[in-house]
Amino acid sequence: MEPTIYLYFNGDCLEAMQFYAETLGGEITGVFKNGDAPDPESRMPGGDELVMNMNMRLGSANIMASDAPGEWYTKPQGFNISLAANSIEEAERIFNALSRDGDVRMPLEETFWAERFAMFSDRFGTPWMINFTGSKAMS
């Protein structure tokens with residue numbers, strides 16, 4: 001068994017997931033929109049362009065997502081998606097891309113446990129942590 005992250009967006013799912021795939025080196029492997037539903041009963045509320053379900057492959061993991069129309073949407077809270085960067089440069093690149101126009105709670109900086117660590121929400125409201133332990137990795 002392997003957990004899968006499932007994200008909900010307020011009408012901008014396709015834009016967000018395409019941005020994540022481009023920024024993180026993921027691959028979009030499937031997109032089903034409201035307009036793809038075989039009949040009206042199979043649709044969610046809202047227009048044809050809303051994403052009902054989509055998948056991005058990132059390394060050996062999947063991140064799935066959909067739009068949550070109107071009253072179905074709630075702002076993400078109580079979790080962060082944590083990314084383990086392979087270098088300081090990668091941590092900086094990802095942080096700069098994902099945090100642009102977002103809400104930075106802790107800027108990318110050295111901590112006692114990591115050469116670089118940050119906490120923030122991106123412009124879509126998704127909460128992230130970036131960690132590069134580097135020489136501070138526990139053995």
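Closest approach of F9 to A16, counting heavy atoms only: CE2-CB, 3.4 Å. Across all non-hydrogen atoms, the minimal contact from A37 to M52 is CB-SD, 4.4 Å. Annotation for L24 and L58: closest pair O-CD1, 3.4 Å, computed over non-hydrogen atoms. When every heavy atom of A97 is checked against every heavy atom of F19, the shortest pair comes out as O-CZ, 3.3 Å. Nearest heavy atom pair, residue I130 against residue A85, reads CG2-CB, 4.4 Å. Looking at every heavy atom in both residues, F117 comes nearest to M129 through CZ-SD, 3.8 Å.
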Tell me, with the steps shown, if L108 and E92 meet side-chain contact (heavy atoms from CB on, under 4.5 Å). CA-CA 7 Å; L108 188 67; E92 289 172 346; 3.6 Å; yes
Can T29 and N55 be said to form a side-chain hydrogen bond (donor to acceptor under 3.5 Å, both in side chains), step by step? CA-CA 6 Å; T29 59; N55 188 71; 2.7 Å; yes
Could you walk me through whether S66 and M54 satisfy the side-chain contact (heavy atoms from CB on, under 4.5 Å) test, starting with their C-alpha distance in whole Å, then the side-chain angles of each, then the deciding distance to 0.1 Å, before giving a yes or no? CA-CA 6 Å; S66 74; M54 71 181 294; over 6 Å; no
Yes or no on side-chain contact (heavy atoms from CB on, under 4.5 Å) for W128 and I94, after CA distance, side-chain angles and deciding distance? CA-CA 10 Å; W128 298 92; I94 293 170; over 6 Å; no
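In this pair, Y8 and Y6 present their aromatic rings tilted. The plane angle is within the 30 to 60° band.
Side chain of R93 to backbone of T23: a donor-acceptor contact under 3.5 angstrom is found. Listed for the S99 side chain is no donor-acceptor partner under 3.5 Å among the backbone atoms of G102. Of the possible polar contacts, none joining the R123 side chain to the T126 backbone as a donor-acceptor pair under 3.5 Å is found. Counting only distance, with no hydrogens or angles, the side chain of E22 and the backbone of Q18 share no donor-acceptor pair below 3.5 Å.
Following chains of ILVMFWY side-chain contacts shorter than 4.5 Å, one can reach L83 starting from F120, so the two form part of one hydrophobic cluster. Taken together through direct or relayed side-chain contacts under 4.5 Å among Ile, Leu, Val, Met, Phe, Trp and Tyr, L14 and I5 form part of one hydrophobic cluster.
Under a 4.0 Å N-O distance rule, the pair K136/E115 does not qualify as a salt bridge.
M56 places none of its side-chain heavy atoms less than 4.5 Å from the side chain of E27. The shortest side-chain heavy-atom distance between F124 and D12 falls under the 4.5 Å cut-off. Between N131 and R116 there is no side-chain heavy-atom pair separated by less than 4.5 Å. Contact of the N34 side chain with the M44 side chain is registered, since non-hydrogen atoms from C-beta on lie closer than 4.5 Å. Side-chain atoms of M119 and N80, non-hydrogen and from C-beta on, do get closer than 4.5 Å to each other. Taking 4.5 Å as the limit, every side-chain heavy atom of F132 sits out of range of all side-chain heavy atoms of E90. Contact annotation: the side chain of N10 never approaches that of D67 to less than 4.5 Å [non-hydrogen atoms, C-beta and beyond]. Within the 4.5 Å cutoff, side-chain heavy atoms of P127 are placed close to those of F79.
Separating the CG atom in L7 from the CE atom in M64 is a distance of 10.5 Å, to the nearest 0.5 Å.
A cation-pi arrangement, defined by a distance under 6.0 Å to the six-membered ring centre and an angle within 45 degrees of its axis, is absent between R100 and F95.
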